[in-house]
Each structure stands twice: as C-alpha cells, then as structure tokens.
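Per chain, numbering begins at 1; letters A, B, ... match sequence-line order.
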Amino acid sequence: MTTAELIQGLLRDALARAASELGWPASDATLEVEHPADPAHGDYATSVALKLARPLRKPPLEIATAIRDRVAPHEAVSAVTVAKPGFVNVALNDAWVAAQVEVIARAGTDFGRTKALAGSRIQVEFVSANPTGPVTVANARGGPLGDVIASLLAFHGADVQREYYVEDTGTQVDRFGMSIAVRYRQLFGEEIELPPDGYPSDYIKDIARLLGDRDGDAHLRLPLDEQAKLFVPFGIEWVVGEAKRVTVKLGIAFDVWFMQHTLLTSGYFDETMTKLREKGYLVERDGAVWFDSPDVPRDKARDGEDKEEGWVVVRSNGDPTYLGKDIAYHRLCLEQRGLDRKINVWGANTQYHLLQMKIALPALGIPDDRWRVVLYQYVRFVHEGVLQRMGKRTGQFLLLEDVLDAVGKDATRFFLLQSSADRQLDFDFELALQQSNENPVYYVQYAHARIASIFRTASEKDLSSADADVSLLTDAAELQLVRHCLRFPELVAELRETLGVHALTTYAMELAGLFHGFYKGNRVVGDDAARSKARLRLVEAVQLTLRQVLTLLGVSAPDQM
RNA sequence: GCCCCCGUAGCUCAGUGGAUAGAGCGCAGGCCUCCGAAGCCUGAAGCAGCGGUUCGAGUCCGCUCGGGGGUACCA
C-alpha cells in the first residue's frame, strides 16, 4: 500500500463515520488526496469537505472538522488539521517517515513494485513502422514510450509481451518492392525512372546492391512487377534486420516480431472476414467488401458530396486493406493467442483508424476494455532551417540511428520520454548535439553516481549502512528526501492507470534535484559515526529509488561518470 | 467544411479542478583548504485571447486566433 492510499483510507473511514453518526445523506463525491504545494499545509490534503458542502448544505469548515475529529490515530500521522476554506490537511509523523528509510532499503528492487496486474497477459505493440525503410526519429518516439509502458506493467506483475507488428503486405510494400526493382535494373545500366509513388531514398539503392551482390543479374529478364514481387521478402528482411539492430541499440528487446503476411497465409484473415459476414457486418459493393454496422458514422455532408457508407476491408482487386488486416490481427491477439489486454502505441495519423477499430472490434464481440491505444503526436524535425514532418515516402527524415550515435541511448530515450505523448515534439538535430551534455538525464545519473561515490568514500573509512539507526534522521532536509522517495510507489501506481510514463522523467529530476541540494548542505560521511551510518542508509534509499526510476525508463544508472 | 491533439518563462518542457504555476537550457550575479562544480545558491522572466461553469480554472465547457494531424479500395 502506498502512503497516499494509507492516508486516503484513514480519511475515508473518518468520512464514513461522520456520515453515519451525523446522518449525512449519501453522496457520490469521492475522497481524493493530493500533495499540497505548500509544505506548511502538511503532506497530504483532501478537499472533499468543499465538494460536500453543496450536497450536504453545510459549511465546508464544519464538514472538514467533523472528518478531522474522526480520523483514527495512526503511527504514520502526526497531525490532522483543518484549513480555510475547508481543507483537511494531514502531516506525516517524522519518526515514521525516518523509519521508512529502512523499509525502502530493505525492499530493494521490489520498492514500488506491486502485484496489481499479476496473472494478466498484456501485449504492448509499438514502433511497428512501415517496413519500407529504416527507423526514423518520428517512428522512434513510440519506442521508448512503448518500452517503458511495458516495463511499468511488468513492474505491477503483468506478464508482458513486447511486440513489433511488421506490416509486410499492402500497397506501400508493393511500392517498396517496385522501388527496389527499379534500382536493381539501374544497377545493370538500364535507363529507367523511379515512379512518382516510389521510395526515393538511397537505402533502396543499398538494398538493390545487396541483392545484386547475392543474385547478380539472375532476375534481370523478369517483368518489372514480377521483380517487385520477388524482391519484397529480401527488402523486408533487410529492413526488419535493421529495425532489430537499431531498436536493440535503443535498449529495446522485442519478444515477438509478428509478420503481417502470416495473417493471410494462415487463413486467419479469411476466417475473420467469414465471421464478420456471418454476423451481417459485411456488404459487397463495387467489387469490394465493406464493413458496415449501425455504429458507422453517416456523415453525408462531406464537401457537399455523398459519402459511401462503411469502410472497405477487401479491395476490389482482392487485397485486404489495413483496416481489415488489423481487425484480424487484434482478434488473433485477443482471442487466438489468449492475451488479456493489448496496448497499442500509435502515431497521431492513426486517429481515424482508431475510430474505425472502436466500431469494428465490438462487432466481433471484443470489448473496448481489452485493448487500448496510446496515441502520440508527431515528431517534426528541422530540415534546411525549416520545421518539417518526417516521411519515408517523401525521403525527408532523420534516422534514429544517427541520433543514437550522436547523443547516445540514455539521452535519446530521456529526450523522447520527457514530454507527454499528446504533445507535439520538435527535434532539432543541431540543437540536440549542442545540448547533449546538458541533457537532464545526466543531472539524474550524476546524483546516482555521486551517491556511489559517497559509498566509496565511506568504505575507505570502514563505514557502511549496516545496522544504521535511522531514527537519528530528524533534519527537515533528510526527511524531505524520504518523503519524496515515498512518492515513487504512488507515482507508479498512478501510471498503471494513466500510462503517462513521461511523468517518470519529471520525478527523476525532482528527486535528483532534492538530493543535489541536500548533498551541498549536509555531509554524509562525517565525524559522528552513528549519524554517518544513518545518512548512508538514507542516501542508499535515495539511490535505490533513483535506480528504480532509471531502470523503468530504460536508462543506465552509472556508479561513475 | 467536419473530427482529433496541442498553445504555460527568450528556448525545450512539467504541472491528478485546489491554497504563492515549477524545472532544465539561455541570461545577470555569487559559491570548491571539506564525501565528485556533470553540482549548489540568488535574480529577471510566463498560463494565446474572450466569455462561461465552480466556493475555487493553466486544468472543465463554448467561441476566436495560432500550430500539427485526420477525413482513401495508403498504412
């Protein structure tokens, strides 16, 4: 149980007693606790009395007082007070706070960990960039995001699979194959132009060259479209190999690389369509197969023209659409594979697809609460002095690997994780290089390394944190550190619901900042052996907490830097 | 046109409807005979605008302005 949950429980009990003793009518106001901005207001506060004032038709201060008077005594709490205009403030008992140092240090890598999701199998699907080129910084945003979400869910006991969905079929992939074929022909001196919808970048030439190295001119006499078809698996293999290599470099280990074409070759796609058809959700029109249901929006007024109703799942040429395949893929994961939940980390351009899926999956009997999408906004980058959107199709992008090589894994991850997913992110490569040494990740890592250094100093003096008496920790500066460590379990519990993992970076900076301030003003290893031991135990708890956060973020926690 | 996301300090970003809006970079100034100055301390500087809901709004609602995305038999 987190400290916040402890306090919340005490306050809720008090409210329930007040309500029953004073005959208050039931209310749907829930009692939430928060951390007051001003430490003078204590460690926790609730504004429930203010919210109850109207339904109970009583002054907030009277309600607050009634609650305060009924809070059961607890060793963790030193004072419960009422403040204008109707807050109930709770101050933690300093001795109890100090004792938590021991609890934290003993918990070790279990600190903050829960079993809340034990027994549930959850897939986190992320990156899943079109396999038509190398991973760019744009796709890469989903990398750390999905990876940290996966780590967080595992931290709460879930059995987590990290999955990369390789979308190796479809129109874009056809164009990819065509582009390779054109470059292949050029390799042997043929004068042939890349079609306008081809992929223009040089990596296609690299793939063609590798193909030429392997097979020589063996395929030269085939028609272009047959070459295109033939070269796709080779190209995909190259791209997937690159994606594996680069994501590993970014610190991500996918458990499953799911190849989309297996959905089709296994017959699972057709089976899924059959099931939809049986339930009456498919209609044939203009040679294509459409998904339609009463929930599909009917907006006929678009641009003054009538809109076709429904969405195509199989094109008139027989090829499944992305939507059709994704319906089958989700069914595969949630029914066939028996996953309890699927979490998709998708880029902002999938918002309409998301709407379609929200309507299509329930048609198959797959409820909303079994899958969830974390949508992240685009990463733009500065190209020739102008902010631009990245795209493999336009040939304008910044490669993830170039950034990784320039600023390193830790700084890259920390940068991409700092802002919330629904905020657009701009990446200036020059600025990133310039500021790489100023990246806040070093501020956090430095705190961790500094503590390691303290322990090196201590061991030279034969001091350790063993049998420390943490009750000697009574200074406000010391206890402030502990108080902040105690927020870590609260944060990760909250993130279990919100998945707003960027908050971990903010927390890491806060805790590091508190430690740096403490370090400046307080000697850990000093003349007083008992006090030194207690403080060693304290900074051990701080270091441990920092390490927990950094580990979740997938950022290294160095002992020296 | 319609739909979604976002506008917070010069820059990059935090900020669960609460009590005096924070951090890093940059800028001005100060701090190493003492566990690591990749640090600390001080200062200047901000909620795009207008209404509304609320005891209380950066946070919720509406409109305006600005940025991004979507509205395919692309993915």
Touch class at under 4.0 angstrom, heavy-atom based, for [X] against every strand present:
X        : value
A:Ser453 : base
A:Lys51  : base
A:Ala53  : nothing
A:Tyr519 : base
A:Tyr378 : sugar-phosphate
A:Asp38  : base
A:Gln560 : base
A:Asp527 : nothing
A:Asp174 : nothing
A:Thr505 : nothing
A:Ala288 : base
A:Leu354 : nothing

Using a strict cut-off of less than 4.0 Å between a Lys/Arg side-chain nitrogen and an Asp/Glu carboxylate oxygen, indicate whether [X] and [Y] qualify as a salt bridge.
X        : Y        : answer
A:Arg531 : A:Asp475 : yes
A:Arg535 : A:Glu540 : no
A:Arg487 : A:Glu490 : no

For [X] and [N], give me the distance from atom [atom1] to atom [atom2], rounded to whole Å.
X        : N     : atom1 : atom2 : result
A:Lys58  : B:C55 : NZ    : P     : 18 Å
A:Arg423 : B:A14 : CZ    : P     : 5 Å
A:Leu463 : B:C35 : CG    : P     : 15 Å
A:Leu355 : B:U71 : CG    : P     : 11 Å

Please give the nucleotide sitting opposite [N] as a Watson-Crick or G-U wobble pair, both distances under 3.5 Å, or none.
N     : answer
B:A57 : none
B:G39 : B:C31
B:G1  : B:U71
B:A44 : none
B:C50 : B:G62

Side chain of [X]: nearest nucleotide among [options]?
X        : options             : value
A:Arg54  : B:A75, B:C13, B:C55 : B:C55
A:Arg450 : B:C73, B:G68, B:A37 : B:A37
A:Tyr442 : B:A38, B:A14, B:C35 : B:A38
A:Arg380 : B:G70, B:G68, B:U12 : B:G68
A:Lys520 : B:G36, B:C73, B:G39 : B:G39
A:Tyr352 : B:A38, B:A14, B:G70 : B:G70
A:Gln172 : B:U54, B:G36, B:C74 : B:C74
A:Thr457 : B:C6, B:A75, B:G36  : B:G36
A:His516 : B:A14, B:C35, B:G39 : B:G39
A:Leu425 : B:C35, B:C13, B:A19 : B:C13

Return the orientation label for the A:Tyr44 and A:His35 ring planes: parallel under 30°, perpendicular over 60°, tilted otherwise.
-> tilted

Using the ring of each side chain (for Trp, its six-membered ring), is A:Tyr507 parallel, tilted or perpendicular to A:Phe488, with breaks at 30° and 60°?
-> tilted

Does [X] contact [N] through a side-chain donor or acceptor facing the base, at a distance under 3.5 Å?
X        : N     : value
A:Gln351 : B:G69 : yes
A:Ser316 : B:C73 : yes
A:Asn89  : B:A19 : yes

Is the distance between the ring centroids of A:Tyr322 and A:His353 less than 6.0 Å?
->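 Centroid distance A:Tyr322-A:His353: below 6.0 Å, so yes.
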
Is the ring centre of A:Tyr446 less than 6.0 Å from the ring centre of A:His516?
->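 When the ring centroids of A:Tyr446 and A:His516 are compared, they turn out to be within the sub-6.0 Å range.
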
Using the P atom on both, measure B:U64 against B:C3 and round to a whole Å.
-> 11 Å

Could you tell me whether the side-chain ring of A:His353 sits stacked on the base of B:A75, using a centroid cut-off under 5.5 Å and a plane angle under 30°?
-> no

Verify stack between A:Phe87 ring and B:G18 base, 5.5 Å, 30 degrees = no

Using the closest heavy atom to pick a nucleotide of RNA chain B for each, name whichever of A:Ser47 or A:His502 lands nearer the 5' end.
->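 Closer to the 5' end of RNA chain B: A:His502.
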
Want to settle it: does A:Ser419 or A:Tyr44 sit nearer the 5' end of RNA chain B, counting the closest nucleotide to each?
-> A:Ser419

A:Lys325 NZ to A:Thr169 OG1 distance, which is reported to the nearest 0.5 Å | 3.0 Å

